[in-house]
Amino acid sequence: VTNVGICGASGKMGERLTRLLSEKKIPSLALAGSFNAHDKGCSSDMFKGIDVLIDFSSPNAFTTYAPLLSEFKKAAVIGTTGYTQEQLQNINNLATQVPIVMAPNMSVGVNVLFNIVEQMASQLPADFEIHVQDIHHKEKKDAPSGTALKIKDHLQKAHPGTTIPVDSVRTGDVTGEHTISFYNEGERLELTHRALSRDIFALGALRAARWVVTQKPGLYSMNDVLKGEL
Ligand SMILES: NC(=O)c1ccc[n+]([C@@H]2O[C@H](COP(=O)([O-])OP(=O)(O)OC[C@H]3O[C@@H](n4cnc5c(N)ncnc54)[C@H](OP(=O)(O)O)[C@@H]3O)[C@@H](O)[C@H]2O)c1
């Protein structure tokens, strides 16, 4: 059995993770501890008893648990978004000691989308204009979404130097929608992913947790997890 700890267990994602673990969606995983912001930090006892930490919280949580992951050499799955460059550097540094999967979007569909948009952009002439739109619920703290930023990175690999505007809409209770539009005179090509349930992210995080505990230290993506499972 792989023992899982959750950072952000009382949040929207944490609640899904807790439920999927209790339903034994992945039978080899068991919930072994959790904490939230209102717990004012995490305990070293919890870290002794887990194999992997799953984090869906806020960027500043990382500084509270990183020393414990390092001390007890535990793996991590980071789904939180909105990190600064400095925070990302700290995550990279920790990944030299422990295996970490970090992905702004843990759904299978969006990770296929990341690959497809790059291929699509590379096949379209440079005079096509590219736009990205992300639509999320009003409580989402970061804009653009981590997913939209990663889509933009992939598009820019195909067309370095091109300006790609990202339009973020925060409305209602939308779980998450991303659209990439390629425009030229007389035609428009669009790709959309719609998340219809948060379970797709939670299940992806659990699959990542099962996979990451068998890996060497390093920073991995969700595509590494999906490839590794094939
Ligand atoms: N990668 C993906 O696939 C994916 C999918 C969906 C969401 N996300 C990201 O996941 C994060 C959480 O989203 P959500 O919708 O679940 O948010 P949420 O409903 O606001 O829940 C946030 C949770 O994190 C806890 N938290 C906040 N700061 C903390 C800290 N410093 N230490 C420990 N716990 C802390 C909160 O605790 P309190 O209740 O005590 O405040 C709460 O339990 C966001 O960054 C979001 O963008 C990623």
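Values in this document were obtained by computation on a predicted structure and should not be read as measured data. When a ligand or atom number is given, it counts from 1 through the structure's own listing order.
- Looking at Cys42 against ligand 1, nothing comes within 4.0 Å, counting heavy atoms.
- Annotation for Met222 and Ala208: closest pair SD-CB, 4.2 Å, computed over non-hydrogen atoms.
- Smallest separation of non-hydrogen atoms from Leu69 and Ala75: CD2-O, 3.9 Å.
- Ranking protein heavy atoms by distance to atom 10 (O) of ligand 1, first place goes to Phe56 CD2, 3.5 Å.
- The single protein non-hydrogen atom nearest to atom 41 (O) of ligand 1 is Ala37 CB, 3.7 Å, given as residue, atom name and distance.
- The His38 neighbourhood of ligand 1 comprises atoms 38 (P), 39 (O), 40 (O), with distances under 4.0 Å to a heavy atom of that residue.
- Asn60 counts as a contact of ligand 1, since one of its heavy atoms falls under 4.0 Å from the ligand.
- Polar contact with ligand 1: present for Gly11 (N/O pair, distance under 3.5 Å).
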Review point. Yes or no on side chain to side chain contact (heavy atoms under 4.5 Å, CB included) for Arg19 and Asp199, after CA distance, side-chain angles and deciding distance?
Key: CA-CA 10 Å; Arg19 189 169 47 72; Asp199 284 4; 3.2 Å; yes
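- Scanning the protein heavy atoms around atom 17 (O) of ligand 1, the nearest turns out to be Lys12 NZ, 4.3 Å.
- Cluster membership for Tyr183 and Leu189, using ILVMFWY side-chain heavy atoms within less than 4.5 angstrom, is not shared.
- Taking only nitrogen or oxygen atoms, main chain and side chain alike, Phe201 does not reach within less than 3.5 Å of ligand 1.
- Considering backbone and side-chain N/O of Thr80, none are found under 3.5 Å from N/O of ligand 1.
- Ranking the protein heavy atoms by distance from atom 45 (O) of ligand 1 puts Thr81 N, 3.1 Å first.
- In this structure, Lys150 satisfies the cation-pi test against Phe114, with its NZ or CZ atom closer than 6.0 Å to the six-membered ring centre and inside 45 degrees of the ring normal.
- Hydrophobic clustering of Ile, Leu, Val, Met, Phe, Trp and Tyr side chains at less than 4.5 Å, counting indirect connections, keeps Trp211 apart from Ile100.
- Any N or O atom pair closer than 3.5 Å counts here, and Gly79 shares at least one such pair with ligand 1.
- At least one N or O atom of Ser10 sits closer than 3.5 Å to an N or O atom of ligand 1.
- Counting heavy atoms closer than 4.0 Å to ligand 1, residue Pro104 contributes backbone atoms (N, CA, C, O) but none from C-beta onward.
- Salt bridge absent: Arg210 and Asp51 never bring a charged side-chain N and a carboxylate O closer than 4.0 Å.
- Gly82 does not count as a contact of ligand 1, since none of its heavy atoms falls under 4.0 Å from the ligand.
- A side-chain N or O of Asp55 and one of Thr80 form a donor-acceptor pair less than 3.5 Å apart.
- Shortest contact from atom 25 (C) of ligand 1 to any protein heavy atom: Gly8 CA, 3.7 Å.
- Salt bridge Lys48/Asp45: present, at least one basic N to carboxylate O contact under 4.0 Å.
- Close contacts of ligand 1 with Met13, meaning ligand atoms under 4.0 Å from a residue heavy atom, involve 6 (C), 7 (C), 16 (O).
- Residue Arg198 places no heavy atom under 4.0 Å from ligand 1.
- At a heavy-atom distance under 4.0 Å, only side-chain atoms of Lys140, from C-beta outward, approach ligand 1.
- In terms of polar-atom proximity, Asn36 is counted as a contact of ligand 1, with an N or O under 3.5 Å from an N or O of the ligand.
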